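The structure displayed is predicted, hence computed values, not measured ones.
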Amino acid sequence: MEFKDHVCELLNTIDACQVFFDITVNFDLTKNYLDLVVTYITLMMLLSRIEERKAIIGLYNYAHEMTHGSSDREYPRLGQMIVDYENPLKKMMEEFVPHGKSLQDALVSLQMVYPRRNLSADQWRNAQLLSLISAPSTMLNPAQSDTMPCEYLSLDTMEKWIVFGFILCHAALNTDPAALSLWKLALQSNSCLCLFRDEVFHIHKAAEDLFVNIRGYNKRVNDIRECKESALSHAGSMHRERRKFLRSALKELATVLADQPGLLGPKALFVFMALSFARDEIIWLLRHADNIQKKSTDDFIDKHIAELIFYMEELRAHVRKYGPVMQRYYVQYLSGFDAVVLNELVQNLSVCPEDESIIMSSFVNTMTSLSVKQVEDGEVFDFRGMRLDWFRLQAYTSVSKASLGLADHRELGKMMNTIIFHTKMADSLVEMLVETSDLSIFCFYSRAFEKMFQQCLELPSQSRYSISFPLLCTHFMSCTHELCPEERHHIGDRSLSLCNMFLDEMAKQARNLITDICTEQCTLSDQLLPKHCAKTISQAVNKKSKKQTGKKGEPEREKPGVESMRKNRLLVTNLDKLHTALSELCFSINYVPNMMVWEHTFTPREYLTSHLEIRFTKSIVGMTMYNQATQEIAKPSELLTSVRAYMTVLQSIENYVQIDITRVFNNVLLQQTQHLDSHGEPTITSLYTNWYLETLLRQVSNGHIAYFPAMKAFVNLPTENELTFNAEEYSDISEMRSLSELLGPYGMKFLSESLMWHISSQVAELKKLVVDNVEVLTQMRTSFDKPDHMAALFKRLTSVDSVLKRMTIIGVILSFRSLAQEALRDVLSCHIPFLVSSVEDFKDHIPRETDMKVAMNVYELSSAAGLPCEIDPALVVALSSQKSGHCNNIHCLAKAINQIAAALFTIHKGSIEDRLKEFLALASSSLLKIGQETDKTTTRNRESVYLLLDMIVQESPFLTMDLLESCFPYVLLRNAYHAVYKQSVSSSA
């Protein structure tokens, strides 16, 4: 009510003063007058659209009565206004009859501006609008116009003035041809206008409904119908062509200014005109695409809209970046030219009252005092006072009885409008950008906004402009108002969620393209694996014989690399398309390092980095092709080849986007060396550890696989049930090195710990057997020099075969671990040779008398580098946690006995060397006793057991051959080697 009263009072005052309105002369006064009228109309129309308005004001009055004890005294008037404005336009048509002349004068002044702005794309093109290079000789000349502020005035705003204004003062349509021309042109260009945000006004229907009831307006009604048909038929295509022209014009402008930013000074007007034109076209499309039933949908679906928005953002970025350049130019312009011209105009005025003279003198003095040094010193300019004084001066000089009438001194008005534009270039660039290029309206068209973004991503040629959508989210906060602070959080949250969604989708799209490229490259790398060359070798060997027999040979398989041979430049492969699409999308992701949205900083590259980390992690685990049901898994060498191919592609991403791909590798590959990754998912370390323990080594225990030291590999044995995998292909030295490359020292340490856990469980069972036989073993320890007594004691031992089997299992596990450690040492020697050699030197020169705790630290370091140690630290840790080749793998016992003994005696603080000497004395005594036996059962495999004793001494760092010869004749060993060799030859024959 108060607003309505103030507006009516102001309009009456303006009419009484007979104010002169001309948009080309007193721009600010006329613009604010027309804005006031349209705001008033809009508010009343929005009020009439509130369905429960009567109930709301009734509740308000009831609440007021409960609070203050009486009803609001303005309530009757408010209620009457609600009733009167049921049909707001009809009511306001009656209300504005007294204001018709002022409103008509203001609107008709647009005839010099609006038709010139509302041209077709062909007319723009012929005039070479917005082109800096069409006339190179005038490139440095400042862009001038008699109507500077009108050049970038929003077309959408002018059309609202014309449509709403002439609905209220409709009599002018019958009397003034200029008014009718403006009216028709506005109706032909639009089907609806924006009332507020996403609320629209369908102009043709509303105007027709109003005019059809006015006597003598049949011609006007027919005009409206013709304009409606024209708008539906031609407006869409006209605006489509305009957008097409603006895309190329803005691209040219942005490119030239990026190369020569100094042109932003003289050609600033072109920049703001371009931004305003583009903004108008984008808003028109957004409004009409969402609210109009179209005859041709193609005109209202623009898949290239992102490109236009992108060039708008480029121009905005140039203005923000080179603001000081523009300031420097216009400060000199104001002081060196504008002040002089204005001073001459003031001097030539025939009549100049004192108040007006003081104001204009202050303009001249303000401009004359400006200097470039102020710009260099970073001084903040503020010309708001000067602009407000000019607004006051327009009011003083536009009333009918003014001594100095602006209507008689148009040159002064045009010059001051130009000066005001120049002051804005010096102190209000950000405000100018908001005025001419703010697209915060997208906040209220979320569905259309997201649809445009999806169309942009789906079209490869447009994906490079997809960053424009997150950048638009930075506009949203400009649509908030200080009088409505509560909606800041709602709009801010929407801007954050949309920006996050857009950047996330862009990163996902890039990730998917990268994944497809990686898949292609992994396929190509797979073709280079040695297993694929067998057929080629076979064909080469058989080629000659096939020619001799005259048989037609098989077609040769395409060799790797054929895909790189191009017979025609126009031939485009799938990989080419993927790389092109990726480069376009990465340009967008890399366009800005970060952006601020509602005091939050978004970094597009980080979205891509995080998505690459997640996908790389999943891909590595997926490439193991582990099948729990069939216990199948990829060979480590093949997985390593695929991972390297994947990493090569990821490294190439650095050519497109400035991201640290090494950080991605470190994060992902280091996680893969642990049992679980950061998301709690299994890694290749856990998968391979489980496979080697549960599949390969279990089959060794079952007698289907044997360890061959000479081959340094586990090999399948011929059995009735053939295994689904070849053990040698997973355990030879090249595969173990590949495994070490993949798992790294951390992963191999986890593998060792898992192996040691299995050993500790076997040792626990052995301890139980020792406890069962503790009395006999104690007697045997003190009776090793009494052969007869030893033989009797031996027969009293129970579960001897179980001890042998469990020790063999331990030996198998330790043999596998020695392979893994050796492979790790080889890999680390290639990657960090100096560090490995330092560790090795440290280990080799540790004194014997060193404290065991210190020695164990050294051994732990050495073991982590894959170096063999006298005492296995992993085994010591595994056993200390317990507080209570031949086909039968018997050769693994030597390693088991030595390492188990060293670990146990370290834990129990015993002398390892003394205890092993004691073991050697007991063992040699027992074996010599077997040599005197004649029973075949007792002497079975006697020579093999002799060799086992020799292997124990060779494996042990604490026992020597001299010590063995002192208690066991070497001749027996030599004869045993000869006998075992003869037996193996006869069995193989």
Side-chain angles (χ1 to χ4, degrees), residues 113-114 116-135 138-145 147-158 238-286 302 304-323 325-326 329-330 418 421-422 424-425 428-441 465 468 471-472 475:
V113 179
Y114 178 65
R116 194 175 74 226
R117 281 289 308 277
N118 196 2
L119 299 175
S120 68
D122 288 334
Q123 289 171 303
W124 281 354
R125 199 171 284 111
N126 293 334
Q128 294 186 315
L129 186 72
L130 303 176
S131 177
L132 298 182
I133 58 179
S134 59
T138 63
M139 190 178 287
L140 295 177
N141 295 351
Q144 289 283 16
S145 169
T147 54
M148 290 285 266
C150 297
E151 301 302 329
Y152 56 85
L153 182 60
S154 169
L155 191 67
D156 186 52
T157 300
M158 285 192 280
M238 183 183 74
H239 284 275
R240 184 192 67 218
E241 290 302 315
R242 280 190 193 172
R243 293 193 300 274
K244 184 178 178 182
F245 166 78
L246 287 171
R247 282 201 301 272
S248 59
L250 264 68
K251 181 179 181 181
E252 178 192 302
L253 192 60
T255 305
V256 173
L257 292 177
D259 186 60
Q260 298 294 331
L263 289 174
L264 277 166
K267 303 300 181 184
L269 181 61
F270 279 15
V271 174
F272 291 106
M273 285 172 62
L275 290 172
S276 181
F277 289 8
R279 192 265 308 271
D280 285 336
E281 294 306 315
I282 291 168
I283 290 177
W284 187 95
L285 176 67
L286 190 64
D302 191 347
H304 298 84
I305 195 72
E307 186 176 353
L308 184 57
I309 298 172
F310 177 81
Y311 292 128
M312 284 182 69
E313 289 295 333
E314 274 213 323
L315 289 176
R316 285 167 59 93
H318 289 331
V319 171
R320 286 193 293 264
K321 182 177 181 181
Y322 299 110
V325 174
M326 299 174 73
Y329 181 87
Y330 283 101
T418 302
F421 173 75
H422 293 168
K424 289 181 178 180
M425 294 300 97
S428 301
L429 284 174
V430 175
E431 290 79 1
M432 281 291 290
L433 288 176
V434 173
E435 182 184 340
T436 57
S437 61
D438 174 52
L439 288 171
S440 57
I441 193 169
Y465 307 117
S468 53
L471 287 173
L472 279 187
H475 297 209

Results of salt bridge (charged side-chain N to carboxylate O under 4.0 Å, His left out) for D156 - residues two or more places apart only:
R287
Would you say K267 and Q260 make side-chain contact, with heavy atoms under 4.5 Å?
no
CE of M273 to CE of M148, rounded to nearest 0.5 Å, is 10.0 Å
Do the side chains of M312 and I282 get nearer than 4.5 Å, heavy atoms only?
yes
pair L132-L257: side-chain heavy atoms closer than 4.5 Å
yes
With the threshold set at 4.0 Å, does a side-chain nitrogen-carboxylate oxygen contact exist between R117 and D280?
yes
Give, for atom CD of Q123 and atom CZ of R242, the distance between the pair rounded to the nearest 0.5 Å.
9.0 Å
Give me the atom names and distance for the closest heavy-atom approach of A254 to H318.
O-NE2, 3.3 Å
Under the criterion ring pair (Phe, Tyr, Trp, His ring centres under 6.0 Å), which of F270, F277, F421 is the partner of Y152?
F421
pair L263-L140: side-chain heavy atoms closer than 4.5 Å
yes
Quick check: closest heavy atoms across L472 and E313, and the distance to 0.1 Å?
CD2-OE2, 3.9 Å
Go through the side-chain N and O atoms of E151 and T147 and say whether any donor and acceptor fall under 3.5 Å apart.
yes
Can a donor-acceptor pair be found between the side chains of E241 and S120 at a distance below 3.5 Å?
no
Carefully, step by step, assess H239 and L285 under the rule side chain to side chain contact (heavy atoms under 4.5 Å, CB included).
CA-CA 8 Å; H239 284 275; L285 176 67; over 6 Å; no
For residues M158 and N118, determine if any side-chain heavy atom of one lies less than 4.5 Å from a side-chain heavy atom of the other.
no
Taking atom OG of S248 and atom CG of L308, what is their separation to the nearest 0.5 Å?
10.0 Å
Audit row: D302, R247, side chain to side chain contact (heavy atoms under 4.5 Å, CB included) steps and yes/no:
CA-CA 12 Å; D302 191 347; R247 282 201 301 272; 3.8 Å; yes
Sorted by chain and residue number, the ring pair (Phe, Tyr, Trp, His ring centres under 6.0 Å) partners of Y311 (sequence neighbours excluded) come out as Y465
Ignoring hydrogens, what is the shortest heavy-atom contact between T418 and S145? Give both atom names and the distance.
OG1-O, 3.9 Å
Any E314 side-chain heavy atom under 4.5 Å of K251 side chain:
no
Between I305 and L286, does a side chain to side chain contact (heavy atoms under 4.5 Å, CB included) hold up when you go through it step by step?
CA-CA 10 Å; I305 195 72; L286 190 64; over 6 Å; no
Can you see which heavy atom on G265 is nearest to which on Y330, and at what distance?
O-OH, 2.6 Å
Which value, rounded to the nearest 0.5 Å, describes the distance between H422 atom NE2 and M326 atom CE?
10.5 Å
If you measure from CG on L246 to CZ on R279, what distance do you get to the nearest 0.5 Å?
13.0 Å
Taken in chain and number order and not counting sequence neighbours, the residues that satisfy ring pair (Phe, Tyr, Trp, His ring centres under 6.0 Å) with F245 are W124
Report yes if some heavy atom in the side chain of L429 is under 4.5 Å from a heavy atom in the side chain of F272; otherwise report no.
yes
Residue pair Q128 / S134: nearest heavy atoms and the distance that separates them:
OE1-CB, 3.0 Å
Applying side chain to side chain contact (heavy atoms under 4.5 Å, CB included) to H304 and R243, what does each step give before you reach the verdict?
CA-CA 9 Å; H304 298 84; R243 293 193 300 274; over 6 Å; no
So do the side chains of C150 and V113 get within less than 4.5 Å of each other, counting heavy atoms only?
yes
Which pair of heavy atoms, one from R125 and one from D122, lies closest together, and at what distance?
NH1-OD1, 3.1 Å
Kindly compute the distance separating CD (E435) from CG (L275), expressed to the nearest 0.5 Å.
11.5 Å
